[in-house]
Amino acid sequence: MSRCLLVSNRLPLAYNEKAQDFSPSSGGLVSAIKGLDAKKVGYDFEWMGIMTDDVDSEKINELKKIPFGDLRCHPIVIPKEMYEIYYNSFCNNVIWPLFHYERSMVQQCDKGWECYQKVNELVADAIIQEANEDDTIWIHDFHFFLVPGFIKLKRPDLKVGFFLHIPFPSSEIFRELPQRKEILLSLIQCDLVGFHDLSYLTHFKSSLSRVLGGNTNLFNDRKWGVYPISIDSQHFVALTHATETDVFIKRYAEQKKGKKWILGVDRLDYIKGLILKLKSFEEFLRRYPEQKEKVQMVQIVIPSRTDVPEYQDLKQKVEQLVSSINGEFGTPTYMPIHYLFHSVSEFELSALYQLSEVMHIGSRRDGMNLVSLEYVVSQKERHPGTLLLSEFTGAHSTLSYAVSINLWNIEETAEKIKVALEQPEEQRRREMMSMQDFLTRYTSSEWARYYLRDLNRKAPPIQHVLSLTKDGTFPWMKDLKGKKILFFCDMDGTLAPISPYPSQVRIQQDTQELLKELSKTSTCQFVIVSGRDMDFLQHQFIDNNYKFPLADCHGAYSYTPETLEWSNLIPHDSTKWKEDILDILKLYTSRTPGSFIEDKGHAVTWHYRNSPPGFADFLANKLFIELEESLTSLPAQVSRGKKVIEVKSLHASKGFFVQQWLEKQEYQPDVIIALGDDTTDEDMFEYLQNKSEIAPFCIKVGDEKTQAKYFIKDQSTVKLFLENFIHSV
Ligand code: GDG
């Protein structure tokens with residue numbers, strides 16, 4: 001089995017200063033991951049996490065030797081002072097509240113971001129030191145957003161995945177974060193980024209396009225996915241049968257004395273919606289006074305961040321409200337709310353899950369919420385309960401039969417409490433068992449198995465393409481010496497980088513040098529096939545004394561250096577469609593800020609790469625449909641490229657040009673090469689691969705869908721290829 005390094009802020013064991021020893025860590029992330037079954041998932045897991053340097057180094061070394069269950073631990077030692085600022089000031093005071101839509105709680109501090117970056121870099125270095133070439137690195141949660149970027153900078157070959165355990169907020173919220181760009185630039189380096197819920201992925205993608213802008217096609221959808229976490233269901237089922245659990249069940253059943261219990265289990269955190277939950281129960285008691293003495297709430301609050309003033313304040317507010325409700329609705333024999341401010345053993349928790357008729361999860365926002373899954377799995381068929389679940393949890397998408405609540409509507413939630421308490425037994429059994437059935441199959445091990453399968457999945461078959469090797473060659477290049485080569489090459493995005501304004505596109509100096517060398521090679525006929533117009537190509541190539549044949553407007557006109565002449569390759573009346581199309585394009589241009597029209601003679605192009613992405617993409621979709629409809633009986637076709645929509649004469653195609661060239665030219669090549677990045681280059685690839693007598697070498701620049709058999713990952717790598725090409729001919 002290959003090794004997977006799990007990396008999270010906390011290790012599954014935390015150092016307890018009082019006991020001078022390690023004890024199991026708490027929290028949803030650790031609880032889900034420690035249940036992974038290595039055999040089922042198919043990986044040997046080892047766990048890397050932070051340990052601060054105030055912990056005795058001998059103890060830390062001990063931790064390295066004793067596995068936690070089957071898991072080996074690798075502590076990453078970080079200076080305590082730096083850790084505190086990173087953890088408290090950035091992780092918990094900036095990311096946590098912002099990602100949970102609690103903007104008023106965000107507190108930026110001077111050193112927060114600096115320490116966050118530093119800790120992330122140290123963690124990345126520790127991973128690089130530990131990782132072997134074929135290990136899989138799986139980074140967990142918001143503490144380590146920058147780790148993928150730091151790893152890939154030094155070790156681009158390592159397989160790096162990232163999973164976010166909290167929500168990814170709407171891009172409207174995310175883009176308020178001053179450090180938004182750095183975070184996204186790191187995440188896009190990952191081989192796979194996973195989220196609990198589709199809405200988080202949608203927000204992430206719209207943040208990418210709003211913050212990083214540019215062409216959303218550049219962001220390959222294979223790199224992200226939705227993988228709702230689950231629990232170690234078998235373990236929770238086993239707990240329901242444990243004798244220790246039985247002891248609690250017997251003790252509590254006696255105390256319940258026929259009353260119905262509504263259970264709450266939450267960490268002390270504002271995201272868990274404790275105040276709103278208590279208010280909804282208060283409203284329920286007010287609306288249904290006859291339920292007094294019959295219904296009780298058992299609320300367990302697990303202490304968390306007890307040294308932070310905001311959390312102390314929250315604790316105070318919760319306790320005040322509990323005592324005010326108990327004061328108002330309690331009697332000498334009835335206390336409406338049993339409130340516990342401490343954690344309980346897993347046996348006691350299991351007993352409470354089983355004994356409670358209703359589980360009330362009222363999170364304001366929650367990445368997933370494992371407690372709700374644990375409750376479902378712990379129900380027995382004989383006497384199942386009902387789950388009241390906030391719409392704002394990731395679990396809401398998984399647990400389809402839960403009674404949904406919007407905690408902000410206190411009156412409605414009070415009514416839902418009534419509905420949950422009175423749900424007919426048959427319905428409870430049917431719905432609870434159906435959710436349970438799902439969770440016994442979809443466990444945390446399955447979650448990890450799906451995620452890791454996708455992370456290590458090879459590229460899909462459409463990319464049956466061979467990539468340029470690290471030293472910049474393709475295998476067939478070693479046989480080029482002395483052969484007669486015909487080389488069709490695109491310009492924008494291939495020889496020159498894409499620029500916000502087409503008129504500003506320039507071939508960089510080093511590429512120009514390479515082109516000069518190419519023009520001196522007697523065995524290679526280099527032909528520029530571009531979507532640009534005559535004037536532009538004249539300026540770029542002819543005025544600079546390059547003696548290459550040129551094709552403009554996707555081959556509508558062709559320039560022959562020997563005669564110094566341009567000739568029209570397609571019929572004169574083939575642009576009759578243009579007037580109507582220009583009218584449509586003008587209409588869209590006036591509605592889309594930053595967009596513009598480029599008239600190339602036999603083609604017109606609508607550019608929107610400088611426009612506000614979401615709105616422009618929306619209008620581009622509409623425009624495309626409108627153009628397709630308008631062109632049904634006209635000799636032109638519409639196509640989409642990178643932030644462009646283009647309408648061109650049917651004959652103005654790079655495929656058509658290449659065909660004509662091969663038919664008319666006397667130059668009989670031994671080898672044909674075609675290089676291009678755009679959708680318009682696909683016509684050229686298609687023609688050559690299907691019709692040409694000589695099997696061509698078609699090369700796509702970029703990792704989008706293509707018909708080409710070879711690819712070069714981006715425009716900046718084209719130089720390396722050309723350099724090697726010149727040496728091999
Ligand atoms: C984060 C995200 C996401 C709680 N009290 C006791 C106890 N627990 C255990 C529960 C559960 C875990 O702690 C809590 O998990 P949650 O998922 O509910 O919440 P977070 O800690 O906020 O976790 C969350 C999760 O990461 C995983 O991705 O679901 O949205 O915020 O396992 O059982 N366990 C015991 N006694 C307690 O008193 N034994």
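In this chain, residues are counted from 1 in sequence order. Numbering of ligands and ligand atoms starts at 1, following listing order. We use all heavy atoms of the structure for the numbers below, so side chains are in, but hydrogens, waters and symmetry mates are not.
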Item to complete: Check each atom of ligand 1 against the heavy atoms of E374 and keep those under 4.0 Å away; list them by number with element.
Response: 10 (C), 11 (C), 32 (O), 33 (O)

Practice prompt. Would you please indicate yes or no on a ring centroid separation below 6.0 angstrom for Y442 and F438?
Written response: yes

Worksheet item: Are any of the N or O atoms of S345 closer than 3.5 Å to those of ligand 1?
Response: no

Item to complete: Answer with side chain, backbone, both or neither: which part of H342 has a heavy atom less than 4.0 angstrom from an atom of ligand 1?
Response: neither

Fill in: Under-4.0 Å heavy-atom contact with ligand 1, by part of E348 that carries it
neither

Practice prompt. Identify which of L349, V344, V301 has a heavy atom lying nearest to atom 36 (N) of ligand 1.
Written response: V344

Item to complete: Please report the shortest heavy-atom distance between D269 and L314, naming the atom on each side.
Response: C-CD2, 3.5 Å

Response to the item:
Counting heavy atoms under 4.0 Å, the part of W96 that contacts ligand 1 is side chain

Residues 117-124 side chain polar contacts: donor-acceptor under 3.5 Å, at least two apart:
from : atom 1 : to   : atom 2 : distance (Å)
Q117 : NE2    : W113 : O      : 3.4
N120 : OD1    : L146 : N      : 3.0
N120 : OD1    : V147 : N      : 3.3
N120 : ND2    : Y116 : O      : 2.8
N120 : ND2    : H143 : O      : 3.1

Worksheet item: ligand 1 and F236, any nitrogen or oxygen pair closer than 3.5 angstrom?
Response: no

Worksheet item: What are the atoms of ligand 1, with element, lying closer than 4.0 Å to any heavy atom of H196?
Response: 28 (O)

Worksheet, complete the sentence: For D366, the atoms of ligand 1 under 4.0 Å from one of its heavy atoms are 24 (C), 30 (O), 31 (O)

Discussion item. Suppose we call two aromatic rings close when their centres sit under 6.0 Å apart. Are F45 and W138 close by that rule?
Written reply: no

Worksheet item: Can you tell which part of V371 has a heavy atom less than 4.0 Å from ligand 1: side chain, backbone, both or neither?
Response: both

Worksheet item: Is E254 paired with K250 through a side-chain N to carboxylate O contact shorter than 4.0 Å?
Response: no

Item to complete: Please determine if I166 has a nitrogen or oxygen closer than 3.5 Å to a nitrogen or oxygen of ligand 1.
Response: no

Worksheet item: With a 4.0 Å cut-off on heavy atoms, does G27 reach ligand 1?
Response: yes

Worksheet item: Would you say G28 and ligand 1 have an N/O pair spaced under 3.5 Å apart?
Response: yes

Worksheet item: Less than 4.0 Å between atom 2 (C) of ligand 1 and some protein heavy atom, yes or no?
Response: yes

Worksheet item: Would one find an N or O of H100, backbone or side chain, under 3.5 Å from an N or O of ligand 1?
Response: no

Practice prompt. Could you verify whether a donor N or O on one side chain and an acceptor N or O on the other, from Y270 and D313, lie under 3.5 Å apart?
Written response: no

Worksheet entry | Straight-line distance of K40 NZ to D37 CG, nearest 0.5 Å | 5.0 Å

Worksheet item: If you look at every heavy atom in E46 and H74, which pair is closest and at what distance?
Response: OE1-NE2, 2.6 Å

Worksheet item: With a 4.0 Å heavy-atom cut-off (strictly under), which part of S343 contacts ligand 1: side chain, backbone, both or neither?
Response: both

Show me the side-chain donor-acceptor pairs of residues 166-177 shorter than 3.5 Å, one per line, residues at least two apart or across chains.
from : atom 1 : to   : atom 2 : distance (Å)
S170 : OG     : E172 : N      : 3.0
S171 : OG     : S206 : OG     : 3.2
E172 : OE1    : R175 : NH2    : 3.2
E172 : OE2    : R175 : NH2    : 3.4
E172 : OE2    : R210 : NH1    : 2.5
E176 : OE1    : R103 : NE     : 3.1
E176 : OE2    : R103 : NE     : 3.3
E176 : OE2    : R103 : NH2    : 2.6

Worksheet entry | K59, NZ atom: more than 12 neighbouring heavy atoms under 6.0 Å | yes

Discussion item. Less than 6.0 angstrom separating the ring centers of F145 and F162, yes or no?
Written reply: yes

Worksheet item: At a non-hydrogen distance cut-off of under 4.0 Å, which region of D269 contacts ligand 1 (side chain, backbone, both, or neither)?
Response: neither

Discussion item. If we set the cut-off at 4.0 Å for heavy atoms, which region of H140 has an atom near ligand 1: side chain, backbone, both, or neither?
Written reply: neither

Response to the item:
Taking only non-hydrogen atoms of G367 and a 4.0 Å limit, the atoms of ligand 1 in range are 30 (O)

Discussion item. Quick check: W224 with F204 (ring centres under 6.0 Å apart)?
Written reply: yes

Practice prompt. Can you confirm whether something in the protein, heavy atoms only, sits under 4.0 Å from atom 8 (N) of ligand 1?
Written response: no

